Amino acid sequence: MRDIRSLDLNLLKTLNALLDEGSVTRAAERLALTQPAVSGMLNRLRDSFDDPLFVRAQRGLVPTPRAQALALPIKRILGEIEGMLQPEEFEPVSASFTLSIAATDYAQRTILLPLLAELRRQAPGIRVAARPVDNQRVQQQLESGELDLAILTPESTHEGLHARHLYDEQYVCAMRKGHAAAGGLDLDRFCALEHVIMSMAGDAFSGVTDEALAALGRQRRVLLSLPSFLLLLEVLRNSDLIAVLPRRLIQPGDGLQILEPPLTIPGFRKLLVWHERTQQHPAHRWIRALLAEVCN
DNA sequence: CTCTGATCTTTATGTGTTTC
DNA sequence: GAAACACATAAAGATCAGAG
């Protein structure tokens, strides 16, 4: 067993790359080293940690429990070192980097749009890549750096990620201005009208509203299901269809009438989620604070 | 300044697994 | 069972840091 003097930063970076890639060859590519070099580094890591770290399996290398346990501390340490190398005071005006954020269609409109406006004003050098949310992969994406931030609901967050509460959202009923029901809406009228809903996948014609109705022994008529809020707003403006939508989705300029729904529909909570990797990073701390600010 | 040891490179090869 | 792929190992040369 070696001691810490032989464990240099390059070995930690290599271990991190190996944990991410699960392959000596791919880790070597990522580190701009040759495969034999990384193979040799893995041997030194094995020596340092007195553990095989990775064993060969049917498909590539599989980390041992020891290696898995090291993943988080290593990312934290590398993240902290990264943070140490940044200027002590983060300067938004001169900052230049790309930020990857996973957000739903809804969150892109209600959260990312105002964030982008603020960034243009305060930190014009920061580019933003908005990405769709893939619940299966989001944890791994945040861990590897494929994503920097994700805007999620508590149900889809994972153990071990950092989260900050952004806001609680409520549902409202939306229809075009001048709609026959614009004066008021009771439950009977609500159920009699024709609805459009937003649905990315799955049971396309039923959502939280329908569950709340079912609990009362009622149902509504959903005629149209759309995968995009943008299109949905257009449909509302140009038809007598109505929709139950998150309140923040509707802006004053949208030309829509908003009413309280005639029944209680549970809202949802939006969280900003990130990985330990970026916890100490001055730029990321600044961005997270800015995001929370634009949500108020 | 020179020697030594560590680690990188490239190139070549061994070995085990997967795929067709 | 051959071909393709991935990891390990080895040899030879380059580079660099630290010791003396």
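Only a predicted model underlies this, so the values are computations on that prediction, with no experimental measurement involved. Below, chain A is the first sequence line, B the second, and so on; all start at residue 1.
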Is [X] near enough to [N] that one of its side-chain N or O atoms lies under 4.0 angstrom from OP1 or OP2?
| X | N | result |
| --- | --- | --- |
| A/R44 | B/dC8 | yes |
| A/T25 | C/dC7 | yes |
| A/R26 | C/dC7 | no |

Could you list the cluster mates of A/V273? Members are the ILVMFWY residues connected by side-chain heavy atoms closer than 4.5 Å, either directly or through other members. A/V133, A/V138, A/L142, A/L147, A/L152, A/L161, A/L271
Can you say whether a donor on the side chain of A/Q35 sits under 3.5 Å from an acceptor on the base of C/dA8, or the other way round? yes
Nearest whole angstrom, please: distance from the [atom2] of [N] to the [atom1] of [X].
| X | N | atom1 | atom2 | answer |
| --- | --- | --- | --- | --- |
| A/N43 | B/dT7 | CG | P | 12 Å |
| A/F54 | C/dC7 | CZ | P | 11 Å |
| A/M41 | C/dC7 | CE | P | 15 Å |
| A/L18 | C/dC7 | CG | C1' | 11 Å |
| A/R46 | C/dT9 | CZ | P | 8 Å |
| A/L42 | B/dT7 | CG | C1' | 16 Å |

What does the list of N/O pairs under 3.5 Å between the protein and nucleotides 9-11 of chain B look like, with a distance for each?
from, atom 1, to, atom 2, distance (Å)
B/dT9, OP2, A/T34, OG1, 3.0

If only side-chain N and O atoms count, and only distance matters, is there a donor-acceptor pair under 3.5 Å linking A/T153 with A/E155? yes
Using a strict cut-off of less than 4.0 Å between a Lys/Arg side-chain nitrogen and an Asp/Glu carboxylate oxygen, indicate whether A/D254 and A/R109 qualify as a salt bridge. yes
Charged N to carboxylate O under 4.0 angstrom, A/K270 versus A/E169? no
Sequence neighbours excluded, which residues qualify as salt bridge (charged side-chain N to carboxylate O under 4.0 Å, His left out) partners of A/E194? A/R221
What residues form a salt bridge (charged side-chain N to carboxylate O under 4.0 Å, His left out) with A/R285, not counting sequence neighbours? none
Between the two end axes of the helix from B/dC1-C/dG20 to B/dC20-C/dG1, each built from 5 base pairs, what angle do you get to the nearest 10°? 10°
Pair A/H195 and A/F190, ring centroids less than 6.0 Å apart: yes
Below 4.5 Å, heavy atoms only, C-beta onward: do A/L185 and A/M175 meet side chain to side chain? yes
Which pairs count as side-chain hydrogen bond (donor to acceptor under 3.5 Å, both in side chains) when at least one residue sits in residues 179-189 of chain A, sequence neighbours excluded? A/D188-A/R218
